[in-house]
2 protein chains.
Amino acid sequence: MSVLRPRTADATRPSANAHLDLHELVETHLRRIDQRYTSGRQAVVQLLATSGRPLSISDISSAAPDVPRSSAYRHLSDLQRAGVVRRIAASDEFARFELAEDLTHHHHHLLCSNCGKVIDVTPSPAFEATVASMVDDLTLEQGFHATSHALDVIGHCASCQAT
Amino acid sequence: MSVLRPRTADATRPSANAHLDLHELVETHLRRIDQRYTSGRQAVVQLLATSGRPLSISDISSAAPDVPRSSAYRHLSDLQRAGVVRRIAASDEFARFELAEDLTHHHHHLLCSNCGKVIDVTPSPAFEATVASMVDDLTLEQGFHATSHALDVIGHCASCQAT
DNA sequence: GTTGTAATGAGACTCAGTCTCAGTATACGT
DNA sequence: ACGTATACTGAGACTGAGTCTCATTACAAC
């Protein structure tokens with residue numbers, strides 16, 4: 001598993017401190033459903049943690065070519081079951097995966113309708129408060145129980161505008 | 001095309017007045033890209049207009065069994081090209097289709113993460129103003145050019161809470 | 001009519017994503 | 001250490017939503 005450094009040698013891992021806690025947290029989440037935090041899963045989590053944007057299976061496969069696709073898919077669905085990973089639908093046909101907000105921070109997405117790229121953006125607390133109260137209003141009428149929300153902005157990313 | 005009433009006999013169509021303008025508008029949009037507004041396409045538009053929620057291909061097929069799937073897919077993609085239909089990704093594996101907001105009104109979606117159902121909700125103008133300005137802030141930083149936005153609320157619908 | 005263009009249905013095809021299965025690794029009890 | 005139960009793994013078969021092809025049919029314009 002070449003993409004993955006040994007977990008006991010954190011000094012050699014880029015931004016080691018930032019992700020030390022993360023890996024322990026992920027392990028806890030997995031243990032909760034009797035799953036192990038194996039090297040393949042660590043590789044996937046490491047990628048998601050350092051990418052800064054949601055990744056497609058192709059992204060993951062090319063960044064970690066020694067993780068077979070069928071395993072990558074299984075890792076992602078196991079990690080999702082454990083509450084570590086969230087699957088999102090982009091504007092193209094490919095699903096993207098990112099770490100759950102519990103392990104990172106609340107954010108939204110800019111979706112490029114031309115190239116399919118997904119960019120993370122963080123909203124201000126004031127805005128989020130407004131969204132939260134509005135969501136409450138909208139959902140109450142419908143007897144809907146909201147667990148989360150997503151504000152997607154659709155448009156063209158900087159590089160696609162240049163074209 | 002049994003689902004579709006003749007366009008010249010609007011009095012026999014449920015809520016005829018509400019959709020009279022719509023069909024003419026759709027025809028205009030199609031003409032713009034040298035497409036005709038045929039009976040199959042009318043059937044699809046009629047369904048989307050009266051459903052009140054985004055429909056999957058299965059929804060469309062069962063409501064209009066005499067429209068073959070391959071034709072329904074093609075109608076939807078042609079209508080999308082014409083700016084009449086918008087394709088949205090729900091929380092399950094099935095794409096949903098709805099009339100473009102140009103032809104209806106701006107709204108958002110409640111997505112049931114259990115059964116995949118999608119419910120339309122309309123935000124207050126005050127809220128939309130807030131969203132719009134916030135979207136501007138977020139996108140400007142990234143050099144992103146926004147064309148639209150979507151606020152999706154994920155949770156459980158009324159009927160899935162009962163279970 | 002004739003002619004060019006668009007529309008249609010049937011079914012083959014694509015490919016992201018899932019499932020199966022046989023083999024391997026790991027944790028735990030003794 | 002050893003045995004056992006359970007989880008993990010990779011390869012490849014499989015599924016099915018969605019797309020494409022093609023032969024045929026409908027339409028619009030002149």
Side-chain angles (χ1 to χ4, degrees), chain A residues 1-4 6-8 26-45 54-62 64-82 84-97 116, chain B residues 1-4 6-8 26-45 54-62 64-82 84-97 116:
Chain A
M1 202 57 55
S2 68
V3 266
L4 194 76
R7 298 202 45 234
T8 47
V26 170
E27 189 158 14
T28 307
H29 277 266
L30 282 169
R31 283 257 171 80
R32 220 169 269 160
I33 57 166
D34 292 314
Q35 298 284 299
R36 300 173 197 148
Y37 194 30
T38 61
S39 60
R41 292 171 182 179
Q42 289 173 44
V44 170
V45 168
L55 298 180
S56 66
I57 278 285
S58 310
D59 293 333
I60 293 170
S61 272
S62 52
D66 45 359
V67 177
R69 292 213 164 201
S70 63
S71 297
Y73 275 117
R74 186 176 26 214
H75 291 330
L76 288 165
S77 86
D78 291 342
L79 288 166
Q80 189 177 27
R81 253 192 324 129
V84 171
V85 158
R86 187 169 64 144
R87 170 189 227 128
I88 61 174
S91 52
D92 57 18
E93 67 205 282
F94 307 108
R96 313 285 160 126
F97 300 88
Chain B
M1 202 54 56
S2 68
V3 267
L4 194 75
R7 297 201 46 236
T8 47
V26 170
E27 189 157 15
T28 309
H29 277 266
L30 282 169
R31 283 255 171 81
R32 218 169 270 158
I33 58 166
D34 292 314
Q35 300 283 297
R36 299 171 197 149
Y37 194 30
T38 60
S39 60
R41 291 171 181 178
Q42 289 172 45
V44 170
V45 168
L55 298 180
S56 65
I57 277 286
S58 311
D59 293 334
I60 293 170
S61 272
S62 51
D66 45 357
V67 177
R69 291 213 163 199
S70 63
S71 297
Y73 275 118
R74 185 177 27 213
H75 291 329
L76 288 165
S77 85
D78 290 342
L79 289 166
Q80 189 177 28
R81 256 195 317 131
V84 171
V85 157
R86 187 168 66 143
R87 171 188 227 129
I88 61 174
S91 52
D92 56 19
E93 66 205 286
F94 307 108
R96 313 286 161 125
F97 301 88

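Just so it is clear, the structure is predicted and the values come from calculations on it, not from any experiment. Below, chain A is the first sequence line, B the second, and so on; all start at residue 1.
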- Sub-3.5 Å donor-acceptor pair from the side chain of B:His29 to the main-chain atoms of B:Val84, do we have one?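 No: the side chain of B:His29 does not pair with the backbone of B:Val84.
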
- Tell me, please, which residues at least two apart from B:Ser56 pass side-chain hydrogen bond (donor to acceptor under 3.5 Å, both in side chains).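 With sequence neighbours excluded, B:Ser56 shows a side-chain hydrogen bond (donor to acceptor under 3.5 Å, both in side chains) to B:Asp59, given in chain and number order.
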
- Item | salt bridge (Lys or Arg N to Asp or Glu O under 4.0 Å): pairs with one or both residues in residues 84-95 of chain A, sequence neighbours excluded | A:Arg86-A:Glu98, A:Arg86-A:Glu101, A:Asp92-A:Arg96

- Pairs flagged by salt bridge (Lys or Arg N to Asp or Glu O under 4.0 Å) wherever residues 67-82 of chain A is involved - sequence neighbours left out: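 Sorted result for residues 67-82 of chain A: A:Arg41-A:Asp78, A:Asp78-A:Arg81.
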
Rounded to the nearest Å, what distance is computed from the [atom1] atom of residue [X] to the [atom2] atom of nucleotide [N]?
X	N	atom1	atom2	result
A:Arg96	C:dA16	CZ	C1'	13 Å
A:Gln35	D:dC8	CD	C1'	9 Å
B:Asp92	C:dG17	CG	C1'	14 Å
A:Leu30	C:dT26	CG	C1'	15 Å
A:Glu27	D:dA7	CD	P	16 Å
A:Asp59	C:dA16	CG	P	13 Å
A:Ile60	C:dG17	CD1	P	10 Å
B:Arg32	C:dA6	CZ	P	17 Å

- Query: Which sits closer to the 5' end of DNA chain C, B:Asp34 or B:Pro68, going by the nucleotide each is nearest to?
  - Reply: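 The residue mapped nearer the 5' terminus is B:Asp34.
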
- Message: Rounding to 10°, can you tell me the angle the first-five-pair axis of the helix from C:dG1-D:dC30 to C:dT30-D:dA1 makes with its last-five-pair axis?
- Response: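 The end-segment axes of the helix from C:dG1-D:dC30 to C:dT30-D:dA1 are tilted 30° relative to each other.
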
Side chain proximity check, [X] to [Y], heavy atoms < 4.5 angstrom:
X	Y	answer
B:Ile60	B:Val67	no
A:Ile57	A:Phe94	no
B:Leu76	B:Phe97	yes
A:Leu30	A:Leu79	yes

- Query: OP1 or OP2 of D:dT9 less than 4.0 angstrom from a side-chain nitrogen or oxygen of A:His75, does that happen here?
  - Reply: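 Checking D:dT9 against A:His75, a side-chain N or O does come within under 4.0 Å of OP1 or OP2.
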
- Note on the structure: Under a 4.0 Å heavy-atom criterion, the protein footprint on nucleotides 13-30 of chain D, written with B, S and -, is ----SBBB-----BB---

- Of all residues at least two apart in sequence or in a different chain, which pass the side-chain contact (heavy atoms from CB on, under 4.5 Å) check with B:Thr28? B:Arg32

